[in-house]
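Note sheet for the following structure.
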Protein chains: 2
Amino acid sequence: MGTTSKALSLLRLFSGSQPEIGLTELSRQSGMNKATVYRLMSDLAEYGFVEQVGADRMYRIGPGVMRLAVLRETSVPLRSIAKEHVSALAEEIGETTHVSQVSGDELSTLTYAYSTKHGTRVTMEDAERLPFHATSSGLSVLAYSNAALVDSILSKPLDKRTPQTIVDPQQIRDELKRISLRGHAESVSGFEQDVHSVAAPIFAGGATVCGALAIAAPVGRVNGALRSRMIAAVQERARMITEMMGGAMPVSPDSA
Amino acid sequence: MGTTSKALSLLRLFSGSQPEIGLTELSRQSGMNKATVYRLMSDLAEYGFVEQVGADRMYRIGPGVMRLAVLRETSVPLRSIAKEHVSALAEEIGETTHVSQVSGDELSTLTYAYSTKHGTRVTMEDAERLPFHATSSGLSVLAYSNAALVDSILSKPLDKRTPQTIVDPQQIRDELKRISLRGHAESVSGFEQDVHSVAAPIFAGGATVCGALAIAAPVGRVNGALRSRMIAAVQERARMITEMMGGAMPVSPDSA
DNA sequence: CCATATCGGTTTATTATATGAACCAATGGT
DNA sequence: ACCATTGGTTCATATAATAAACCGATATGG
């Protein structure tokens, strides 16, 4: 594995639930020697990708990534456009909404909004990685992705997150076909027990899928009427986000 | 120069005025061999830091940086807090406002807002690097930075952007002392001809300066009354941003 | 239409950089 | 006082990176 790849892979270890990580723990999680990790993190720090904080000198993501994010949003303003829509959608439907984004073979939460309508709600974690196979967002993205990504995802061991999680590749492929015909994905307890979610894909740069918009609600609150409203609203908002970014809805899957 | 550093230095070549760069041009600007650039960019692309677009396969910043930016904002929400304040301040004062952020020895524009009050305005460029010595933002940051950063910046050749740009290190040091006493910096045509700007520092993580808030207006519109309002407003808003991030105004400079 | 220039991309002998076992100082817990 | 664990460092050895030269494709000018 190349040196640059090793350094970048260290950045992937940070998460919403673990925003700060010490040197020895980074070595443990990455499987790299502590001296190697120290050198790589020093290089990353020099360019602002990480910084050390506190008396125990824990690492966290640094300010240097912000300039790159600003540049990214100049070209593909997914997060800034999505932010407004997830807020409006959360208030319209009264449930948690979120947008996730594809980067290579990873899907991660970009922004989310809670509704104040209920005392309980489905909660989110910043920048959380979502499994493609077990979430409505992931499935709606796969339904419009090229065969290479689908094959890559389905050829790896699929985690059975809940008793309801589908992990048979052929069953997933069949479901992807159905999703591409109806334009949205739906998951009941596939990722988290007792959470019902629906998602629709978002496209950029022509008809390339770049993420998904989803609504998530406790199973007990989702009756037929709410379910219909969720489906219609998530598809309409996803279409609006796509249009605002100058993207286009595709004519068929495997269009990439 | 280490391999990781070479790769990361390539990312610095992207800007608001040059969001897409081809392979050969990257080689030219970086001084590295084209084969080397190709390999390094391939590694960066694998982790989502860059992607290639268009028939000519130009590189641009990729989606992978967004997850890191979300994590960064979880710890230091400077951009999201600043965004609201620069909008409000632009409407309050009627001029262009912006927040910039320090990353190592670089200062770059994080977010900005225009006022709709006038037909002409000072314009900004996304993620633009700002020289410390020639901008009110840069000077207000230096006035509260540790001696190592000040020495580093002032030991390099300073660019005389306009006839009014101060480039004598001793004069700048004297000005930094005055800025730290009054709590704001002011620049008239120091960075751009006929632009008058005032800035105040923003602190995070205790009393560490992390950026600055600035107002910029055409020289001809800045009379005594407007100038006083600009100074008072930028200091008050910078203090509010600092407090919202859990930072603290310092008691004296060189406190880091 | 042809020659030339320029681009993105590739190869591999040679060169440069990275690695990690062993070590150190500091800190916290028993 | 002892032990465990942390962040940080060193340098002989191992590994990866480099870049001159090359290729195919495309665009341009004569």
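Lettering follows sequence order; numbering is per chain, from 1. Quick caveat: nothing in here was measured; it's all calculated off a predicted structure.
- First and last contacting nucleotides of DNA chain C toward chain B (any atom under 4.0 angstrom from a heavy atom, 5' to 3' order): C:dC7 to C:dA18.
- At a threshold of 4.0 angstrom between heavy atoms, the contacts of A:K6 are confined to the sugar-phosphate backbone, with no base atom among them.
- B:E106 has a carboxylate O that lies under 4.0 Å from a charged side-chain N of B:R129, or vice versa, which qualifies the two as a salt bridge.
- In summary, contact between chain B and DNA chain D, defined as any nucleotide atom under 4.0 Å from a heavy atom of the protein, begins and ends at D:dA17 to D:dA20 in the 5' to 3' direction.
- Against DNA chain D, the stretch residues 43-60 of chain B makes no heavy-atom approach under 4.0 Å.
- The CG atom of B:D43 sits 11.5 Å away from the CZ atom of B:F49 when rounded to the nearest 0.5 Å.
- Across A:M245 and A:A204, no two heavy atoms sit closer than the pair CE-CB, 4.0 Å.
- With axes fitted over five pairs at each extremity, the angle between the ends of the helix from C:dC1-D:dG30 to C:dT30-D:dA1 is 40° (10° resolution).
- Applying the side-chain hydrogen bond (donor to acceptor under 3.5 Å, both in side chains) test to B:D105 and every residue at least two apart in sequence or in another chain returns B:K156.
- Across B:L44 and B:A7, no two heavy atoms sit closer than the pair CD1-O, 3.6 Å.
- For the atom pair B:T111 OG1 and B:R79 CZ, the distance stands at 4.5 Å (nearest 0.5 Å).
- Within residues 17-29 of chain B, no residue has any heavy atom closer than 4.0 Å to DNA chain D.
- Taking all atoms of both residues into account, the shortest heavy-atom contact from A:C210 to A:F203 is SG-C, 4.1 Å.
- Judged purely by distance below 3.5 Å, without hydrogens or angles, the side chains of B:T165 and B:T162 pair a donor atom with an acceptor atom.
- Between B:R72 and A:E51 there is a salt bridge, since a side-chain N of the basic residue sits under 4.0 Å from a carboxylate O of the acidic one.
- The two residues A:L158 and A:I153 come nearest to each other via the heavy atoms CD2-O, 3.6 Å.
- Atoms CZ and CE, on B:R239 and B:M249 in that order, are 8.0 Å from each other to the nearest 0.5 Å.
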- Task: Take A:L107 and A:S100, measure what side chain to side chain contact (heavy atoms under 4.5 Å, CB included) needs, and give me the verdict at the end.
- Result: CA-CA 6 Å; A:L107 182 70; A:S100 49; 3.8 Å; yes

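- To the nearest 0.5 Å, atom NE2 of residue A:H133 and atom CD1 of residue A:I172 are 6.0 Å apart.
- To the nearest 0.5 Å, atom CD of residue B:E125 and atom CG of residue B:L130 are 9.5 Å apart.
- Among the atoms of the strands shown, only primed sugar atoms or phosphate atoms (P, OP1, OP2) are found under 4.0 Å from some heavy atom of B:M1.
- One finds a salt bridge joining A:R173 and A:D151 here, because a Lys/Arg side-chain nitrogen approaches an Asp/Glu carboxylate oxygen to under 4.0 Å.
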